[in-house]
Every structure is written in C-alpha cells, then in structure tokens.
Engineer: 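Here it is, the structure in full.
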2 protein chains.
Amino acid sequence: MLAELDPLLHSQLRLAIVSLLMGVEEADFVFLREKTQATAGNLSVQIDKLSNANYIEVLKLQSGKRPRTICRMTREGRKAFENYVEALKSYLPI
Amino acid sequence: MLAELDPLLHSQLRLAIVSLLMGVEEADFVFLREKTQATAGNLSVQIDKLSNANYIEVLKLQSGKRPRTICRMTREGRKAFENYVEALKSYLPI
DNA sequence: CAATTTTGGTTTATAAAATAAACTATATTA
DNA sequence: TAATATAGTTTATTTTATAAACCAAAATTG
C-alpha cells in the first residue's frame with residue numbers, strides 16, 4: 001500500500017509529455033509545446049531528462065529545413081509509465 | 001484535456017497524507033509518520049502546508065501526556081482531492 | 001538582396017520545493 | 001536522578017521546476 005511514485009514521472013510537465021506520447025507513434029517538439037503549453041526552455045529540459053532516463057527516444061533532424069526534434073516512447077518508458085499508473089492507484093479511489 | 005494538477009497535492013508525501021486521511025475520520029502524527037515512512041521533519045512541514053491551505057484541520061493536544069497532533073480533512077480538502085483525481089485522469093489510461 | 005523577424009530550439013540563472021539534520025521540550029525508564 | 005525515548009519544530013541543504021536570455025538557421029519584407 002502507498003507505492004513509490006517514480007519521481008521522473010511524478011512531475012506535471014514530464015507526465016504530460018509521456019501521456020501525450022503514449023497516445024501516438026511519435027510527436028515533435030512543436031506539437032508537445034503546443035499541447036503542454038510549456039515554454040520551450042522548460043520543455044527542452046524535461047525532454048532531456050526523459051531521454052537520459054531512456055524513457056523516450058529523441059531524434060534531432062536537420063534536413064536543410066528547420067530543425068525537427070521527434071520524440072517517442074521507448075519500451076522502458078512505457079513500462080515505467082504503466083508502473084507509475086499502478087503505483088498512483090494505491091493513492092486514489094479508483 | 002490535460003488539466004492543471006494542484007501542486008499542493010501533486011507531491012508524493014502530501015498526496016500520501018491526504019490519501020490516508022481520506023480513508024479515516026482522523027489520524028495523528030505518529031500514525032501518519034509510520035504509514036508514510038517520512039521523517040518527522042518532512043512530515044511536519046508538509047502537514048503545515050496542507051493546513052495553511054486549509055486542506056486539513058490540525059489539532060495539537062497537550063493534555064499532561066505527550067503532545068498529540070491530530071489531523072483530519074476539511075471539506076475544502078476533500079473537494080481539492082476530488083478535483084485532483086479528476087485532473088489526473090486526463091493524464092492516465094483510466 | 002540586405003535587413004528584420006520568426007522559428008526551433010539550448011543554456012544558464014532564478015525561484016520554489018522537498019528533504020533531512022539539528023534542535024527543543026516533555027515524559028519515561030533504569 | 002541521570003539517561004533515553006518520544007513527539008514534534010526549525011533551519012539548512014539539496015533538488016527540481018521554470019523562465020529568461022541566448023543562438024543559429026530560415027523565412028519574410030521593404
């Protein structure tokens with residue numbers, strides 16, 4: 001009862017990022033910024049943290065065009081999210 | 001979609017405190033410390049924050065015996081918790 | 001086409017939060 | 001009665017979140 005809450009996911013912005021990514025194959029920086037309403041700086045930092053933890057995979061494209069940063073969940077990230085959700089349930093009347 | 005998460009409740013320890021209090025009429029400091037495994041200092045600080053926000057009501061008894069700090073949810077606190085749970089659902093596959 | 005603005009970010013500085021360590025006062029025990 | 005334990009609070013430290021300042025390339029404008 002009252003399981004540990006993965007601190008990497010227990011943060012509003014990172015949870016939002018992961019929650020969005022769980023629903024799609026992949027999403028880019030601009031999409032995430034618009035959906036989360038975060039500032040670019042904040043989003044950049046949090047994407048890095050998720051990436052360093054290997055919860056998401058980040059591809060930085062530079063194809064003559066403007067840069068494009070594409071994110072997607074890793075298997076490890078999906079597992080972590082599922083664990084987080086289970087852990088959360090121990091706190092909630094669900 | 002992706003509702004605001006009340007920062008006062010989106011904290012593992014405070015969420016634990018509130019989650020425990022939601023299940024009972026009242027609980028004292030020692031009970032909360034044992035259940036949450038928090039240090040007394042940390043627990044004390046977080047109880048203060050919840051109390052200052054009027055999410056919980058705190059009674060400090062000094063009846064010749066050792067001190068006894070009793071906490072219980074306020075109506076406002078219950079409402080806040082319910083809102084928080086609803087908001088969380090926008091992030092989760094529930 | 002040169003200057004300006006916009007886009008898509010990163011880096012760094014600041015503010016806020018969580019947490020533990022140090023401390024206090026009373027009570028209990030040896 | 002001296003030592004220890006209990007029930008906390010206060011303060012200092014570490015960590016985290018967040019925004020502001022910055023940068024390079026692309027698009028726009030006059």
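Keep in mind that what you see is a predicted model, and the values were worked out from it rather than measured. Each chain gets a letter, A, B and so on, in the order its sequence line appears, and its residues count up from 1.
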Engineer: Less than 4.0 angstrom from a charged side-chain N to a carboxylate O is my criterion; do Lys89(A) and Glu86(A) meet it?
Structural biologist: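 Counted as a salt bridge, because a side-chain N and a carboxylate O are separated by less than 4.0 Å.
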Engineer: Of Arg66(B) and Ala40(B), whose closest DNA chain D nucleotide lies nearer the 5' terminus?
Structural biologist: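 So the residue in question is Arg66(B).
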Engineer: Send over the distance from Lys49(A) NZ to dT11(C) C1', rounded to a whole Å.
Structural biologist: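 Spelled out: NZ on Lys49(A) to C1' on dT11(C) is 14 Å.
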Engineer: Whole angstrom is fine here: how far is it from CD in Gln37(B) over to P in dA20(C)?
Structural biologist: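 These atoms are roughly 12 Å apart.
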Engineer: Could you tell me the separation between the CD1 atom of Ile47(B) and the P atom of dT19(C), rounded to a whole number of Å?
Structural biologist: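 Between P of dT19(C) and CD1 of Ile47(B): 14 Å.
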Engineer: Quick one: Leu43(A) CG to dG8(C) P, roughly how many Å, whole number?
Structural biologist: 13 Å
Engineer: Counting the atoms with a prime plus P, OP1 and OP2 as sugar-phosphate, which does Val30(B) contact under 4.0 Å by heavy atoms, base, sugar-phosphate, or nothing?
Structural biologist: sugar-phosphate
Engineer: Could you pull out the closest heavy-atom pair between His10(B) and Ser11(A), with the gap in Å?
Structural biologist: NE2-N, 3.7 Å
Engineer: Check for me, please, whether Leu88(B) and Met22(A) land in the same ILVMFWY cluster - side-chain distances under 4.5 Å, paths through other members count.
Structural biologist: yes
Engineer: Determine the contact category for Gln12(A): base if any of its heavy atoms lies under 4.0 Å from a base atom, sugar-phosphate if only primed atoms, P, OP1 or OP2 are that close, otherwise nothing.
Structural biologist: nothing
Engineer: Check the phosphate of dG9(C) against Ser44(A), side-chain N and O only, distance under 4.0 Å to OP1 or OP2. Yes or no?
Structural biologist: no
Engineer: Nearest whole Å is fine: how far is dG8(C) P from Ile70(A) CD1?
Structural biologist: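 So the two atoms are 13 Å apart, to the nearest Å.
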Engineer: Taking any heavy-atom pair under 4.0 Å as a contact, classify Gln62(B): base, sugar-phosphate, or nothing.
Structural biologist: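 Here Gln62(B) touches no strand at all.
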Engineer: Locate the shortest heavy-atom distance separating Ile47(B) from Ile56(B); write the atom from each residue and the value.
Structural biologist: O-CD1, 3.8 Å
Engineer: Taking CZ from Arg33(A) and C1' from dA19(D), how many angstroms apart are they, rounded to a whole number?
Structural biologist: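 Rounded to whole Å, this separation is 14 Å.
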Engineer: How close or far is atom C1' of dT11(C) from atom CG of Asp48(A), stated in whole angstroms?
Structural biologist: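 After rounding, the reported distance stands at 10 Å.
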Engineer: With respect to the side chain of Pro67(B), which nucleotide from dG9(C), dG8(D), dA17(D) is positioned closest?
Structural biologist: dG8(D)
Engineer: Looking at dG9(C), I'd like to know if its phosphate oxygens (OP1 or OP2) sit under 4.0 Å from a side-chain N or O belonging to Thr69(A).
Structural biologist: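 True: Thr69(A) side-chain N/O within range (under 4.0 Å) of dG9(C) OP1/OP2.
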Engineer: Under 3.5 Å, side chain of Ser90(B) to main-chain N/O of Ala3(B), donor-acceptor pair present?
Structural biologist: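 Indeed, once roles are kept as given, a pair shorter than 3.5 Å links the two residues.
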Engineer: What nucleotide among dT16(D), dT19(C), dT9(D) has an atom nearest to a side-chain atom of Phe29(B)?
Structural biologist: dT9(D)
Engineer: Figure out the CG/P separation between Asn42(B) and dA20(C), and round it to whole Å.
Structural biologist: 6 Å
Engineer: Nearest to the side chain of Lys60(B), heavy atoms from C-beta on, is which of dG9(C), dA17(D), dT9(D)?
Structural biologist: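 My answer, after comparing the listed nucleotides, is dT9(D).
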